[in-house]
*Asks:* 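Provided herewith is a single structure, encoded as structure tokens, for subsequent inquiry.
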Amino acid sequence: MRRPMVAGNWKMHGTRASVAELIDGLCKQVFPAGVDVAVFPSMLHVSQVVEGLAEGVVVVGAQDCATESQQGALTGEVASSQLHDARCELVLVGHSERRILLGESDEVVVRKFAAAQSSGLVPVLCVGETLAQRQAGETLAVVASQVSAVIGALGVEVFDRAVIAYEPVWAIGTGLTASPEQAQEVHAAIRERLAKCDAVLARKVRILYGGSVKAVTATELFGMPDIDGGLVGGASLNADEFGAICRAAGS
Ligand code: PGA
């Protein structure tokens with residue numbers, strides 16, 4: 001059985017004061033023992049969160065890393081080895097906001113994925129289609145090609161130490177959640193893509209759903225056979241709501 005994971009992507013939100021409040025709120029939550037819980041604060045707040053959650057069960061990840069794993073002359077970037085040193089355990093790669101708004105290509109995503117793993121971090125590979133792609137019937141092809149970019153460059157076995165997050169772009173931050181059936185169809189197709197290379201591995205890889213997940217929608221989504229938890233944006237900025245989503249993954 002796959003162990004569910006719920007991850008909170010805080011995006012470009014937070015001040016030292018609001019982050020301190022969020023840490024306090026998280027420390028008060030009762031998280032289910034059978035669920036991996038992670039939060040992804042901004043780079044600026046990673047250390048504050050690592051220190052604030054030191055005694056808890058919540059692990060900390062970063063929202064991005066450089067394509068290079070080692071320190072060097074690359075102004076403004078953060079190397080995966082530095083994230084590891086800061087006690088991050090995970091890193092998001094290929095979030096659609098970076099792919100679309102910052103022009104991150106599959107090639108760059110692959111290099112970040114490899115850098116993360118070489119520093120001992122677990123990459124969370126984000127994939128998903130735009131509304132136009134869905135309307136054109138291209139959803140499964142788009143998502144398969146985003147996963148294939150990693151398989152083609154690094155081999156399927158790298159997914160042994162990675163997580164995938166399916167996040168339809170049209171559902172992110174819009175309040176429009178994919179229906180459990182829509183999400184399940186894509187999750188199953190992603191697993192099928194992995195299974196073409198390695199059926200045993202495909203059964204083990206966790207595939208999270210992201211896109212306007214809230215406590216009220218979480219139970220049904222997480223009840224689908226190929227949905228192994230969630231990547232939560234807006235709702236993760238509220239500790240009680242995030243706690244409720246984590247408990248939904250444990251039920
Ligand atoms: P959302 O964001 O939950 O606010 O839609 C999800 C994400 O972008 O990871």
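Counting convention: from 1, in listed order, for ligands and their atoms alike. Numbering starts at 1 and runs along the sequence shown.
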*Asks:* Below the 3.5 angstrom mark, is there an N/O of Gly173, backbone or side chain, next to an N/O of ligand 1?
*Replies:*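 Min N/O separation from ligand 1 is below 3.5 Å for Gly173.
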*Asks:* So is there a nitrogen or oxygen of Val232 less than 3.5 Å from a nitrogen or oxygen in ligand 1?
*Replies:*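 No.
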*Asks:* Would you indicate whether Glu220, at its atom CD, is surrounded by more than 12 heavy atoms from other residues, nucleotides or ligands within a distance under 6.0 Å?
*Replies:*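 No.
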*Asks:* Describe, in one word, how the ring planes of His187 and Tyr209 are oriented to each other, choosing from parallel (under 30°), tilted (30 to 60°) and perpendicular (over 60°).
*Replies:*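 Aromatic pair His187/Tyr209 classed tilted.
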*Asks:* With respect to atom 1 (P) of ligand 1, which of Ser212, Gly128, Gly8 exhibits the smallest heavy-atom separation?
*Replies:*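 Selected option, by shortest heavy-atom distance: Ser212.
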*Asks:* I need the nearest protein heavy-atom contact for atom 3 (O) of ligand 1: residue, atom name and distance, please.
*Replies:*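 For this ligand atom, the closest protein heavy atom is Gly233 N, 2.8 Å.
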*Asks:* Among Glu68, Glu104, Glu107, find the one that has a salt bridge (Lys or Arg N to Asp or Glu O under 4.0 Å) with Lys112.
*Replies:*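 The passing option is Glu104.
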*Asks:* Which ligand 1 atoms are under 4.0 Å away from a heavy-atom of Gly211?
*Replies:*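 Counting atoms of ligand 1 from 1, those under 4.0 Å from Gly211 are 5 (O).
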*Asks:* Hey, does the side chain of Ser212 reach the backbone of Thr177 with a donor-acceptor pair shorter than 3.5 angstrom?
*Replies:*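 Checking the backbone N and O of Thr177 against the side chain of Ser212, no donor-acceptor pair under 3.5 Å is found.
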*Asks:* Could you tell me whether the side chains of Ser81 and His84 share a donor-acceptor contact shorter than 3.5 Å?
*Replies:*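 No, no side-chain donor-acceptor contact under 3.5 Å.
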*Asks:* Scan for salt bridge (charged side-chain N to carboxylate O under 4.0 Å, His left out) pairs involving residues 228-244, sequence neighbours excluded, and state none if there are none.
*Replies:*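 Found Arg2-Asp228, Arg191-Asp228.
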*Asks:* Find all atoms of ligand 1 within a distance of less than 4.0 Å from any non-hydrogen atom belonging to Gly234, and give their numbers and elements.
*Replies:*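 Contacts of ligand 1 toward Gly234, numbered from 1: 1 (P), 3 (O), 4 (O).
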*Asks:* Examine Glu167 against ligand 1 and note whether any of their N/O atoms are separated by less than 3.5 Å.
*Replies:*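 N/O-N/O distance under 3.5 Å: yes.
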*Asks:* Compute whether any side-chain donor of one residue and acceptor of the other, for His95 and Glu167, lie under 3.5 angstrom apart.
*Replies:*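 Their side chains do contain a donor-acceptor pair, which is all the 3.5 Å distance test asks for.
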*Asks:* Which bit of Ala171 gets closer than 4.0 Å to ligand 1, counting heavy atoms only: side chain, backbone, both or neither?
*Replies:*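 For Ala171, only backbone atoms sit under 4.0 Å from ligand 1.
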*Asks:* So which bit of Ile172 gets within less than 4.0 Å of ligand 1, heavy atoms only: side chain, backbone, both or neither?
*Replies:*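 Within the 4.0 Å criterion, Ile172 contacts ligand 1 through backbone and side-chain atoms alike.
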*Asks:* A quick test of your reading: do over 12 heavy atoms of other residues, nucleotides or ligands sit less than 6.0 Å from CD of Glu138?
*Replies:*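 Above 12, so yes.
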*Asks:* Mark up the atoms of ligand 1 that fall under 4.0 Å of a heavy atom belonging to His95, in ascending order.
*Replies:*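 Result: 7 (C), 8 (O), 9 (O).
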*Asks:* Decide whether an N or O pair under 3.5 Å exists between Thr174 and ligand 1.
*Replies:*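 No.
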